[in-house]
S.K.: 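Below are the structure tokens for one structure; questions will follow.
All of these numbers come straight from a predicted model, not from anything done at the bench. Each chain gets a letter, A, B and so on, in the order the sequences are listed, and its residues count up from 1.
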Number of protein chains: 2
Amino acid sequence: MKKAREIFIELLRKDGLRLTRQREALLNAVFSTHRHFSAEELYRDLEKDGHGVSIATIYRSLTLLVEGGLIQGLDVGNGRVLYEHTLGHQHHDHMVCMDCGKITEFVSPEIEELQDEAARAHKFKVTAHSLKLFGYCSNCSKKHPDARATPAPQTRSGS
Amino acid sequence: MKKAREIFIELLRKDGLRLTRQREALLNAVFSTHRHFSAEELYRDLEKDGHGVSIATIYRSLTLLVEGGLIQGLDVGNGRVLYEHTLGHQHHDHMVCMDCGKITEFVSPEIEELQDEAARAHKFKVTAHSLKLFGYCSNCSKKHPDARATPAPQTRSGS
DNA sequence: TTTCATGCAAAACATTTGCAAGTCT
DNA sequence: AGACTTGCAAATGTTTTGCATGAAA
């Protein structure tokens with residue numbers, strides 16, 4: 001992902017910001033994985049690699065990347081936010097396994113179109129949307145034969 | 001909404017729980033509004049009405065109502081959860097105005113169907129789903145003529 | 001050198017919990 | 001009486017911030 005680095009530097013430059021050791025290490029870590037990661041996980045990974053970056057800086061940089069459109073946050077409920085790159089990835093939605101936490105991506109142009117239609121009908125100007133299916137992935141659903149349909153988990157202890 | 005009260009009492013009874021002054025006041029407050037409310041707002045409303053209920057009890061009761069399927073939490077991002085009744089309301093999705101906070105509900109059976117299809121294709125067992133459109137309501141969009149499409153707000157300071 | 005960035009620790013928030021005192025049944 | 005509830009305050013977990021120090025440009 002050479003491009004991400006260039007875009008990031010460009011982004012920094014444009015605002016008179018600097019390319020520091022920390023921002024560089026973080027960028028590398030973020031774009032070397034294809035997983036969905038939390039701020040905390042990223043913090044630990046960088047720690048392990050010897051590229052220590054404080055948790056405060058993790059958050060500040062993540063914000064920078066989100067604003068720059070390089071990555072995106074995905075709120076999986078319970079106040080947990082996972083990040084994923086956006087760069088070069090087409091828009092997609094997510095299925096969140098409430099047992100193992102597995103994230104499955106899927107795309108549906110038809111759904112997108114219907115969303116836009118609904119927005120239009122309400123004269124609502126959409127700038128972002130978020131569609132998440134909560135439940136059990138193919139593996140875990142074996143363990144939950146009788147899962148009843150419940151509202152999406154919103155409390156900390158839930159799920 | 002007389003029914004809500006009965007269902008709630010039934011629910012309590014079934015688990016050997018009690019109908020206290022607090023739970024009753026809270027139930028009334030919850031079902032006397034059609035707005036989407038936060039725990040904090042509910043706390044303040046009850047305070048004002050002279051039916052003081054501690055914030056701890058607010059949360060404990062709200063959890064009870066969610067588990068009982070009488071209400072539902074809606075995570076509007078930034079760690080803010082709004083509640084709404086479920087009882088007697090058909091399932092719907094939400095548009096969240098990032099300026100004035102207005103919540104607009106909409107329904108789309110077609111989207112529901114497409115979601116189920118996607119889940120089936122991935123052998124994912126859906127127990128809940130959440131679809132939110134973020135942007136500007138018909139009123140506020142006048143003030144944001146050039147809103148660029150950004151990822152959904154996930155940080156506290158965002159929006 | 002002059003900003004801008006970092007790390008640290010403290011603050012902020014929303015929510016949860018332990019526990020002693022109070023209250024339904 | 002006895003089990004369940006409440007309120008309070010302290011604990012949580014995640015994210016943010018103030019500030020002095022350190023580092024790009």
S.K.: Counting only heavy atoms from other residues, nucleotides and ligands, does the tally under 6.0 Å from CZ of Arg120(A) exceed 12?
M.R.: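 Yes - once you tally the heavy atoms of other residues, nucleotides and ligands closer than 6.0 Å, there are more than 12.
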
S.K.: Nearest whole angstrom, please: distance from the C1' of dA23(D) to the CD of Gln22(A).
M.R.: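 That distance rounds to 9 Å.
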
S.K.: Assess whether one donor atom and one acceptor atom, taken from the side chain of Arg18(B) and the base of dA3(D), lie less than 3.5 Å apart.
M.R.: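 Yes, a donor-acceptor pair under 3.5 Å.
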
S.K.: Are Lys143(B) and Asp99(B) within salt-bridge range, i.e. N to O under 4.0 Å?
M.R.: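 Looking at Asp99(B) together with Lys143(B), the answer is yes, because their closest N to O distance falls below 4.0 Å.
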
S.K.: If I take atom CG in residue Asp15(A) and atom P in nucleotide dC4(C), what distance separates them, rounded to the nearest angstrom?
M.R.: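 Value for this atom pair: 10 Å.
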
S.K.: Answer with yes or no whether the side chains of Glu105(A) and His122(B) bring together a donor and an acceptor at under 3.5 Å.
M.R.: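 Not at all, the side chains of His122(B) and Glu105(A) share no donor-acceptor pair under 3.5 Å.
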
S.K.: Tell me the interatomic distance from Glu24(B), atom CD, to dT23(C), atom P, rounded to whole angstroms.
M.R.: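 These atoms are roughly 16 Å apart.
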
S.K.: For Arg80(B) and dA14(C), is the shortest distance between a side-chain N/O and OP1 or OP2 below 4.0 Å?
M.R.: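 Looking at the OP1 and OP2 atoms of dA14(C), one of them is under 4.0 Å from a side-chain N or O of Arg80(B).
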
S.K.: Under 4.0 Å between a side-chain N or O of Thr20(A) and OP1 or OP2 of dT6(C)?
M.R.: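 Yes, because at least one side-chain N or O of Thr20(A) sits under 4.0 Å from OP1 or OP2 of dT6(C).
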
S.K.: Determine: side-chain N/O of Arg23(A) to OP1/OP2 of dA24(D), distance under 4.0 Å, yes or no.
M.R.: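 So the side-chain polar atoms of Arg23(A) never come under 4.0 Å of the phosphate oxygens OP1 or OP2 of dA24(D).
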
S.K.: Quick check on dG7(D): is either OP1 or OP2 less than 4.0 Å from any side-chain nitrogen or oxygen of Thr57(B)?
M.R.: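 Indeed, a polar side-chain atom of Thr57(B) lies that close.
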
S.K.: Taking NZ, NE, NH1 and NH2 as the nitrogens, is one of them in Arg5(A) or Glu24(A) under 4.0 Å from a carboxylate oxygen of the other?
M.R.: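 Looking at Glu24(A) together with Arg5(A), the answer is yes, because their closest N to O distance falls below 4.0 Å.
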
S.K.: Given atom CD of Glu47(B) and atom C1' of dG7(D), what is their separation to the nearest angstrom?
M.R.: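 Whole-Å distance recorded here is 12 Å.
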
S.K.: Tell me the interatomic distance from Arg60(A), atom CZ, to dA9(C), atom P, rounded to whole angstroms.
M.R.: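 Atom CZ in Arg60(A) sits about 14 Å away from atom P in dA9(C).
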
S.K.: Using whole Å, report how far CZ of Arg21(B) lies from P of dG7(D).
M.R.: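 Result: 6 Å.
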
S.K.: Closest heavy-atom contact between Met98(B) and Phe134(B)?
M.R.: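 Residues Met98(B) and Phe134(B), closest heavy atoms: SD-CB, 3.7 Å.
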
S.K.: Look at the side chain of Ser54(A) and decide which nucleotide, out of dA14(C), dT6(D), dG7(C), has an atom nearest to it.
M.R.: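 The closest nucleotide is dG7(C).
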
S.K.: Tell me: OH of Tyr59(B) to P of dT6(D), nearest whole Å?
M.R.: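 Answer to the nearest Å: 16 Å.
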
S.K.: Students often get this wrong, so: under 4.0 angstrom with heavy atoms, is Ile55(B) touching a base, only sugar-phosphate, or nothing?
M.R.: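 If one applies the 4.0 Å heavy-atom cut-off, Ile55(B) turns out to touch nothing in the nucleic acid.
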
